[in-house]
A.B. asks: 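I am attaching a structure below and will ask some questions about it afterwards.
Treat the numbers as computed from the prediction; the structure is a model and nothing was measured. We count residues from 1, following the sequence as given.
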Amino acid sequence: MRLTFNKHEKLKSQKAIEQLFAEGQSVSAYPLRLVYKKNEHGLKVGVSASKRNFKKAVDRIRVKRLLREAYRLNKSMLIDHKIDNYTLMILYISKEIPDFKLVDTKMKKLLSKLIDQLPN
């Protein structure tokens, strides 16, 4: 299996994002929070770092890159458990810029919590 994060997997639709936050459920493993909702379009994932917590754009971009990379390396957990047709938004909710090791371990914990919470 190739560990990629292609264009068709990215959550870009403003309408879908608004619907996700209005109707979705969440699970968290501090400093990450994941909002999810069932859909019919395949697995779509977005990442976010708040402008309130990171004033400088370079810091926000750095955090989002770390989140995307951690998801890309660990998305096989979702595929192995046959989790598709979900919209996911991964949020970074702390105010400190993390290192990759922390983000990676928390991403694994977050995805395993999601797998436990979803019906099989």
A.B. asks: Are Leu73 and Leu34 connected in a single hydrophobic cluster, I mean Ile/Leu/Val/Met/Phe/Trp/Tyr linked by side-chain heavy atoms less than 4.5 Å apart?
C.D. replies: yes
A.B. asks: Linking I/L/V/M/F/W/Y whenever any side-chain heavy atoms sit under 4.5 Å apart, do Leu32 and Leu11 land together?
C.D. replies: no
A.B. asks: Check side-chain contact (heavy atoms from CB on, under 4.5 Å) between Lys12 and all other residues, then give those that pass, not counting sequence neighbours.
C.D. replies: Lys7, Lys10
A.B. asks: Quick one: list whatever passes side-chain hydrogen bond (donor to acceptor under 3.5 Å, both in side chains) with Arg72, sequence neighbours left out.
C.D. replies: Glu69
A.B. asks: Report the C-alpha distance between Thr87 and Met89 in whole Å, list the side-chain angles of each, state the deciding distance to 0.1 Å, and finish with yes or no for side chain to side chain contact (heavy atoms under 4.5 Å, CB included).
C.D. replies: CA-CA 7 Å; Thr87 303; Met89 178 65 83; over 6 Å; no
A.B. asks: So, using side-chain hydrogen bond (donor to acceptor under 3.5 Å, both in side chains) as the criterion, who are the partners of Glu9 when residues are at least two apart?
C.D. replies: Lys75
A.B. asks: Please enumerate all residues that pass ring-ring contact (aromatic ring centres under 6.0 Å, His included) together with Phe5, with sequence neighbours excluded.
C.D. replies: Tyr71
A.B. asks: So which pairs with a foot in residues 17-31 pass salt bridge (Lys or Arg N to Asp or Glu O under 4.0 Å), sequence neighbours left out?
C.D. replies: Glu23-Lys37
A.B. asks: Treating Ile, Leu, Val, Met, Phe, Trp and Tyr as nodes and any side-chain heavy-atom pair under 4.5 angstrom as an edge, say whether Leu43 and Leu20 lie in one connected cluster.
C.D. replies: no
A.B. asks: For the side chain of Asp104 and the backbone of Phe100, is there at least one donor-acceptor N/O pair under 3.5 Å apart?
C.D. replies: no
A.B. asks: What pairs of donor and acceptor atoms, side-chain ones from residues 58-68 against any protein atom, are under 3.5 angstrom apart with sequence neighbours left out?
C.D. replies:
residue: Arg60; atom: NH1; partner: Phe54; partner atom: O; Å: 2.7
residue: Arg60; atom: NH1; partner: Lys55; partner atom: O; Å: 3.2

A.B. asks: Could you list the donor-acceptor pairs under 3.5 angstrom formed between side-chain atoms of residues 106-118 and any protein atom two or more places apart in sequence or on another chain?
C.D. replies:
residue: Lys106; atom: NZ; partner: Tyr30; partner atom: O; Å: 3.4
residue: Ser112; atom: OG; partner: Lys108; partner atom: O; Å: 3.2
residue: Ser112; atom: OG; partner: Lys109; partner atom: O; Å: 2.8
residue: Lys113; atom: NZ; partner: Ser28; partner atom: O; Å: 2.8
residue: Gln117; atom: OE1; partner: Tyr36; partner atom: OH; Å: 3.0

A.B. asks: Apply side chain to side chain contact (heavy atoms under 4.5 Å, CB included) to Asn85 and Glu40, showing your working.
C.D. replies: CA-CA 5 Å; Asn85 295 336; Glu40 59 276 342; 5.7 Å; no
A.B. asks: List the atom pairs, donor and acceptor, that lie under 3.5 Å between side-chain atoms in residues 44-53 and the rest of the protein, sequence neighbours left out.
C.D. replies:
residue: Lys44; atom: NZ; partner: His8; partner atom: O; Å: 2.8
residue: Ser50; atom: OG; partner: Arg52; partner atom: N; Å: 3.0

A.B. asks: Ignoring hydrogens and angles, write down the donor-acceptor pairs under 3.5 Å from the side chains of residues 92-99, residues two or more places apart or on other chains.
C.D. replies:
residue: Tyr92; atom: OH; partner: Glu96; partner atom: O; Å: 2.8
residue: Ser94; atom: OG; partner: Glu96; partner atom: N; Å: 3.4
residue: Ser94; atom: OG; partner: Glu96; partner atom: OE1; Å: 2.9

